[in-house]
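Each remark here refers to the structure printed beneath this line.
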Amino acid sequence: MSTALLGLDGVSKSYGAVAALRDVRLELRAGEAHALVGENGAGKSTLVKILAGVHQPDTGVLTFDGKPLVLGNPADARAAGIAVIYQEPTLFPDLTVAENIFMGRQPRRSLGRIDHAAVRARTRDLFDRLGVALDPDRPARGLSIADQQLVEIAKALSFDARVLVMDEPTAALSGVEVERLFGVARSLRDSGAAVLFISHRFDEIFALCQTITVLRDGQWVSTDAAADLTVDRVVRRMVGREVSSLFPKQDTKVRDVRLDVRGLSLAGWFQDVSFTVRGGEIVALAGLVGAGRSEVVRAIFGIDRYDAGEVHVDGRRLRAGDTDAAIAAGLALVPEDRRQQGLVMELSVERNQTLPRRWKLSTAGLLTGKAERAAARTWSERLQVKTSSLRAPVSTLSGGNQQKVVLAKWLATEPGVLIVDEPTRGIDVGTKAEVHRLLSALAADGVAVLMVSSELPEVLGMADRVLVMHEGRLTADIPRASADEESVMQAATGVGR
Amino acid sequence: MTRVQRQVILSKLGVFRELGILAALVVLIAVTALSNSRFLSAQSVKDLLLGSTVLALLAVGQTIVVITRNVDLSVGSVLGLSAFATATLLSGDSGLPVPVVAVVGVLIGAVCGLVNGTLIAAARVPALVVTLGTMYVFRGIDYTWATGKQINAADMPTGFLKLGTATVLGVPVLTMFAVVVLVIAAYYLASYRGGRELYAIGSEPDAARLSGIPVGKRVTAAFVASGALAGLAGVLHSARFGTVDANAGLGLELNVVAAVVVGGVAIFGGSGSVYGAALGAVLLTTIGSALPVLGINPFWQRAAVGALIIAAISLDRALVVRLSKALRARRNRG
């Protein structure tokens, strides 16, 4: 085995108080494909951004060919020969495909002018090597995700990368296209490049890679030869933690069906999603990022439209794309991204809390401060929101308290069906437990709770049933008794289907 | 339609957009000339070209900024500052030769542009806010400096004033300056890495950053270019009018943005050409002088310009939507 081409040692990176990577090591060898696996939030994307020069590590060193390497920006990474294919393609829609590939590196003729003919010809060569029939002169606008990904691959190929990093490149590709991508990756690898492959698809990992590194909670867990591992062992290492008693779901009386989703489909996002949630029940919707979970709950709540299917709340059918009707029917959605979607950061705590009920609280169309304050105080006390004043802007609160404000806002509408999307993301352990206790108490009161969560311990601790989505489809409906890390992860990664 | 034909049409779409403005211009001139033949007299054409020159220069600079998904509202004030500086230097007894003074005017503009660009790139304040602010600041400096004074044509060297009215084969010399600048800018934007990167930044700023394009540097450079061209426009302004006070170019920035938008430059960046913007400037100027000839109420002139802007933006949106639909429908795969 050859020596390390690109090495990371002791790399840590924090965003504010959240540690994304802690003391991570990784060695990429020339002529070898290396897989990086881990749950959502394990730190894979942060690692990619460090290799791409987008983020700089707080501590730790990078070495290239045994020499220290500092990547201050993406241009440095390119200059070092590191090509990155991101999960989401990063193209310029207004420019031609050929320009996209050679942006910043166009072949030049006299006086520094761009040699447009050479740009076109070299693009055509690349596409021939890849077996792609894309026109170099067409704009990137309107390309399918798969075609965009192929352009990204051509881009990586165009600068004879010594290190090729691929962050879940296959999510949007068909079988043929995946084979083509792997053909390119293999030929790069065999010509002495190092490949880092990030994927949730184990069949692809074992088909392409010789080495597998597992990350968990931002920390390095293991690096082994792929030949010494099995899918089961990798999955166990990915999740491998104790499910603590932090997640106390009380046993409750399960009542009638309150939310009934039948055959919900939206082309390109999710297909034929059917499930029910009963009063008193907490149902978790698990799956990997991009599996379509958030899209499904957005469609249920009427934020996005859907192509086919029906949503019933308490036996009454909801009109598609009508959030007002959804709220009136007793539905509430606590969104995933509270800063963008859940709160108006500049407004006060009380204004945020009373926003969905501003009509109910108003007299003759005028909001009286008194009614608002009274309503806000009730719920802030019930949820123990810690704030200097109800008039303080929400932006001054901690993440956990912001989340409580969002919850208070929706709980005050007294919903029959509560949908929470990643209810405890980015909040501290203590607040987490409070949120869990609250959800549990709501279920005991007869509310039907649908909880989208990427945190397995939370899913397993809280849910009466676990629904699992994989690539836009429901792949499993597992009752509490038989739900464990492996069954959920296997359904989420599409293993054993 | 074969694939090749369709490709040619798609790649020419931008050119079509410019031909459209040209057609509108030709129709407008033809109709006006039919109603009043003097509209095409040598003097009238010369006035039209001179009138378009300053606006077209500013439109070229504005295009460079707009394609990066920014906007420069300070150009009118920069023009005013440069025009007053030029006139002051030439009217005094500094004895500086005209070309040196012209360079000073351009440099003043470039410095103003550098202030804009630095604030936008380094402090990450939106261009709309920064240039709205500097629009007032630069104008304020101009007022403070001028203290109500006016510099008259009589104080200026005759050589400089002759430059303002001189023609070669009926074409004003000032217009020729502008055409040279236009061609250089167009060539740079089309054929140099730095130029293409401006389009890339406006098309998708995040992708530009990930591609290793020095976004801040390029955006700053775009503002310096826009400022320098506004400075040059100030020099031409004082050569043309001879009489300059602190109000030169007041309110011009919105005409410039209008010319750019009418000229088919996408207001959200990423596409458009300086030729289109310059044609837009000529069209707006022609409307301004044709409508009175046609006996149309001045109110309707403004309304016509407004309608044109809205029509141009709607047309561009429609073209983009149709284009992406067409591109999506046929994936162009073999």
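This is a predicted model, so every value here is computed, not measured. Chain A is the first sequence line, chain B the second, and so forth, proteins listed ahead of strands; every chain is numbered from 1.
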If one checks every heavy atom of A/Leu111 against chain B at 4.5 Å, the contacting part turns out to be both

If you tally heavy-atom pairs under 4.5 Å between each of A/Arg105, A/Glu99, A/Arg108 and chain B, the highest tally belongs to A/Arg108

For the rings on A/Phe197 and A/Phe182, is their centre-to-centre separation under 6.0 Å?
yes

Under a 4.0 Å N-O cut-off, is there an ion pair linking A/Asp137 with A/Arg120?
yes

Salt-bridge test for A/Arg122 and A/Asp125: reply yes if a basic N is under 4.0 Å from a carboxylate O, no otherwise.
no

Neighbour count >12 (heavy atoms, 6.0 Å) for atom CZ, A/Arg129
no

Test item: B/Ser226 side-chain N/O and B/Ala222 main-chain N/O as donor-acceptor pair under 3.5 Å
no

Pairwise distance CG(A/Leu157) to CD(A/Glu152) - rounded to 0.5 angstrom
12.5 Å

Given B/Ala208, B/Gly269, B/Ser191, B/Ser271, the one with more heavy-atom pairs under 4.5 angstrom with chain A than any other is B/Ser191

Relative to chain B, which of A/Thr90, A/Ile114, A/Asn100 shows the most heavy atom pairs under 4.5 Å?
A/Ile114

Which bit of B/Ala266 comes within less than 4.5 Å of chain A, counting heavy atoms only: side chain, backbone, both or neither?
neither

B/Asn70 side, atom CG; B/Ile64 side, atom CD1 - distance, nearest 0.5 Å
13.0 Å

Okay, B/Leu210 and chain A: the region with an atom under 4.5 Å from a heavy atom over there is both

Does A/Phe127 have more than 12 heavy atoms from other residues, nucleotides or ligands lying within 6.0 Å of its CZ?
yes

Chain B-proximal positions within residues 46-53 of chain A [heavy-atom distance under 4.5 Å]:
none

Quick check against the 3.5 Å criterion: does A/Arg113 have a side-chain atom that pairs as donor or acceptor with the backbone of A/His116?
no

When B/Val274 is tested against each of B/Leu189, B/Ile67, B/Ile184 for side-chain contact (heavy atoms from CB on, under 4.5 Å), which residue passes?
B/Leu189

Most heavy-atom pairs under 4.5 Å with chain B, out of A/Leu95, A/Val84, A/Asn73, A/Thr96, belong to A/Leu95

Between B/Tyr187 and chain A, which part of the residue has a heavy atom less than 4.5 Å away: side chain, backbone, both or neither?
side chain

Against chain B, label A/Tyr86 side chain, backbone, both or neither, depending on which of its atoms sit under 4.5 Å from a heavy atom there.
side chain

